[in-house]
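Numbering of residues begins at 1 and proceeds along the displayed sequence. Note that these values count all heavy atoms, side chains included, but never hydrogens, waters or copies made by symmetry. Computed from a predicted model, the values in this text were never measured in an experiment.
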Amino acid sequence: MNSSVNVLEHHLKLKSKNALDVVRQYDIVVDATNSPASRYMLSDCCVLLNKPLISGSTIGLEGQLMVYNHNGSPCYRCHFPNPTTTCQTASSANYTLGVVPGVNGCLQALETIKVATRVGEPLCGRMLLFDALSSRFKTVNKIHKRSSTCTVCGDNPDLTQDSFVTFDYDSLTQSTKSSKPMAIQTPLPKSARTSCREYKRVVDSGRTHLLLDVRPVHHFQIASIANSVNIPLHELRERLPRLRDALTEVAGVSHSHGKHYCPLYFVCQNGDDSEAAVGVLRESGFPYAGAIAGGLECWAREVDPGFPVYW
């Protein structure tokens, strides 16, 4: 509503290879993501460019807020030096009450105004905690100060702008993702992978099949491929008995298409969980399942440019 506000949209997925070019255009960065990999990446980027970072996160019914890399405050790595612990905490709750990030977002906006106008006391070196159930706020003052041994903002940092561009933040946190315990141990054969374009040809041909989307329910509700069915990956094993009858029926219909025809496809955001789902089905004695390589990211990029992109 403010006519003096100019909103610039960046139609890209923020990654280490492009983050420096985007962030250096601005004075303050607000981290409204809820991904450990994104948090480490944005914090490192802000340190390298000397930008304050207003970081808020939510877990279940709780929120937390802090201002990093400003007026001597620590960076995210100073506060959370161990990615394993951070990611395990972030994945400990698989739900978030919608109003909690709303409250947190308003508080982030407030901190941003304070930093921009140099008025009041920003949450530098202090963490604000919000408990939605009790409607109580708590400020933790005993936060670690900037660490002289920090690999990013310390006296002898290891990270440079050149190394940042090629740093793999997904690998930094990948081993602790909640879906990894179900991940298959050996690579899938090529016959168990289907490209987005190949699956589109299956849809266009009208061949009988099932498409199971293994993303969390709230992701599925945001956007999904037409006629897909949602079974979150962590629920797949317990729902196999009900699924088996449907798979058997589809497999029977599919025999007319040849023995190598795949009646069941899995899709997720980027393909990783789909491959894990195929592994679960194969372990359970159902070989006719395939993973859509690249997931919905590939689908939106190569097949349906109008597909709603939310990641």
Problem set entry | Straight-line distance of E297 CD to Q269 CD, nearest 0.5 Å | 4.5 Å

For this session: Taking D213 for its side chain and V229 for its backbone only, find out whether a donor-acceptor pair lies under 3.5 Å.
Result: no

For this session: Mind listing the closest non-hydrogen atom pair of C196 and W299 along with its distance?
Result: SG-N, 3.4 Å

Exercise. Are T33 and S35 linked by a side-chain donor-acceptor pair shorter than 3.5 Å?
Worked result: no

Exercise. Within a radius of less than 6.0 Å around CG of N156, do more than 12 heavy atoms belonging to other residues, nucleotides or ligands occur?
Worked result: no

For this session: Examine distances only and state if a side-chain atom of Q108 and a backbone atom of I54 form a donor-acceptor pair shorter than 3.5 Å.
Result: yes

Problem set entry | Spatial distance of atom NZ (K15) from atom CE (M41) [nearest 0.5 Å] | 10.0 Å

Problem set entry | Audit row: F164, Y169, ring-ring contact (aromatic ring centres under 6.0 Å, His included) steps and yes/no | CA-CA 9 Å; F164 171 83; Y169 286 90; 5.8 Å; yes

For this session: Look at the side chain of N230 and the backbone N and O of R215, then say whether any donor-acceptor pair between them is shorter than 3.5 Å.
Result: yes

For this session: Check the hydrophobic clustering (I, L, V, M, F, W, Y; side-chain heavy atoms under 4.5 Å; chains of links allowed) and say if L110 and V29 are grouped together.
Result: no

Exercise. Quick one: does S73's side chain get under 4.5 Å of R146's, heavy atoms only?
Worked result: no

Exercise. Could you give the distance from SG (C45) to NZ (K51), rounded to the nearest 0.5 Å?
Worked result: 9.0 Å

For this session: Spell out, yes or no, whether V140 and Y68 are grouped together once hydrophobic residues are joined by side-chain heavy atoms under 4.5 Å, including indirect joins.
Result: yes

For this session: Evaluate the ring planes of Y40 and Y76, with Trp represented by its six-membered ring, and classify them as parallel (under 30°), tilted (30 to 60°) or perpendicular (over 60°).
Result: perpendicular

Exercise. Of all heavy-atom pairs between C268 and S274, which one has the smallest distance, and what is that distance?
Worked result: N-OG, 3.0 Å

Exercise. Who pairs with R201 by side chain to side chain contact (heavy atoms under 4.5 Å, CB included), at least two apart in sequence or on another chain?
Worked result: R197, E198

Exercise. Taking side chain as C-beta onward, heavy atoms only, is C153 less than 4.5 Å from C78?
Worked result: yes

For this session: Would you indicate whether K200, at its atom NZ, is surrounded by more than 12 heavy atoms from other residues, nucleotides or ligands within a distance under 6.0 Å?
Result: no

Exercise. Is it true that R237 and E283 have a side-chain N and a carboxylate O under 4.0 angstrom from each other?
Worked result: yes

Exercise. Taking the side chain as C-beta and beyond, is there a heavy-atom pair between I28 and P52 under 4.5 Å?
Worked result: yes

Seminar exercise, completed: Interatomic distance, CG@L296 vs CD1@I222, rounded to 0.5 Å, equals 11.5 Å

For this session: Start with the C-alpha gap between L281 and L236, add the side-chain angles, then the distance that decides, and say whether side-chain contact (heavy atoms from CB on, under 4.5 Å) holds.
Result: CA-CA 9 Å; L281 265 290; L236 186 59; 3.9 Å; yes

Exercise. Any sub-3.5 Å donor-acceptor pair from R193's side-chain atoms to A293's backbone N or O?
Worked result: no

For this session: Report yes or no: does S228 contribute a side-chain atom to a donor-acceptor pair with the main-chain N or O of S224 at less than 3.5 Å?
Result: no

For this session: Take L107 and L128 through the test side-chain contact (heavy atoms from CB on, under 4.5 Å) and record every step on the way to the result.
Result: CA-CA 9 Å; L107 293 171; L128 182 67; 3.9 Å; yes

Exercise. Do the side chains of V99 and L61 join up, straight or via other hydrophobic residues, at under 4.5 Å, putting them in one cluster?
Worked result: yes

Exercise. Does the side chain of Y26 come within less than 4.5 Å of L8's, by heavy atoms?
Worked result: yes

For this session: Would you mind reporting whether V115 and N71 have side-chain heavy atoms less than 4.5 Å apart?
Result: no

For this session: Report whether V119 and V30 are members of the same hydrophobic cluster (ILVMFWY, side-chain heavy atoms less than 4.5 Å apart, transitive linking).
Result: no

Problem set entry | Minimal non-hydrogen separation, A289 against F266, with atom names | CB-CE1, 4.1 Å

Exercise. Using a distance-only test with no angle check, is there a side-chain donor-acceptor pair under 3.5 angstrom linking Y265 and H209?
Worked result: no

Exercise. Out of curiosity, Q161 CD to S16 OG, how far, rounded to the nearest 0.5 Å?
Worked result: 12.5 Å

For this session: Find out if a path of hydrophobic residues (ILVMFWY) with successive side-chain heavy-atom gaps under 4.5 Å connects V303 to I292.
Result: yes

For this session: For the pair Q25 (side chain) and D21 (backbone), establish whether a donor and an acceptor sit closer than 3.5 Å, ignoring hydrogens and angles.
Result: yes

For this session: Give a yes-or-no answer on whether the side chains of E9 and H11 include a donor-acceptor pair shorter than 3.5 Å.
Result: yes

Exercise. Can you tell me if R39 uses its side chain to pair, donor with acceptor, with the backbone of G56 under 3.5 Å?
Worked result: yes

For this session: Determine yes or no for a side-chain-to-main-chain donor-acceptor pair under 3.5 angstrom, with D31 supplying the side chain and L42 the backbone.
Result: no

Exercise. Quick one: does L53's side chain get under 4.5 Å of V67's, heavy atoms only?
Worked result: no

Exercise. R239 versus P232: any side-chain heavy-atom pair under 4.5 Å?
Worked result: yes

Problem set entry | From CG (D27) to OG1 (T112), nearest 0.5 Å | 12.0 Å

Exercise. How about E238: does its CD atom have over 12 heavy atoms from other parts shown lying under 6.0 Å from it?
Worked result: yes

For this session: Kindly indicate, with the supporting measurements, whether the criterion side-chain contact (heavy atoms from CB on, under 4.5 Å) is fulfilled by S43 and S55.
Result: CA-CA 9 Å; S43 176; S55 179; over 6 Å; no

Seminar exercise, completed: Taking every heavy atom of G63 against every heavy atom of V100, the minimum-distance pair comes out as N-CG1, 4.1 Å

Exercise. What's the shortest heavy-atom distance between R77 and T151, and which atoms?
Worked result: CD-OG1, 4.1 Å

Seminar exercise, completed: In short, A291 meets V278 closest at the heavy-atom pair N-CG2, 3.6 Å

Problem set entry | Donor-acceptor under 3.5 Å (E111 side chain, L123 main chain) | yes

Exercise. With a 4.5 Å heavy-atom cut-off, do I225 and N227 have their side chains touching?
Worked result: no

For this session: Begin from the C-alpha positions of M127 and K138 and carry the test side-chain contact (heavy atoms from CB on, under 4.5 Å) through to its verdict.
Result: CA-CA 8 Å; M127 176 174 286; K138 177 182 178 181; over 6 Å; no

For this session: Using distance alone, with no hydrogens and no angle criterion, decide if S4 and N2 have a side-chain donor and acceptor under 3.5 Å apart.
Result: yes

Problem set entry | Polar side-chain atom of R126 near backbone of P122 as donor-acceptor pair, under 3.5 Å | yes

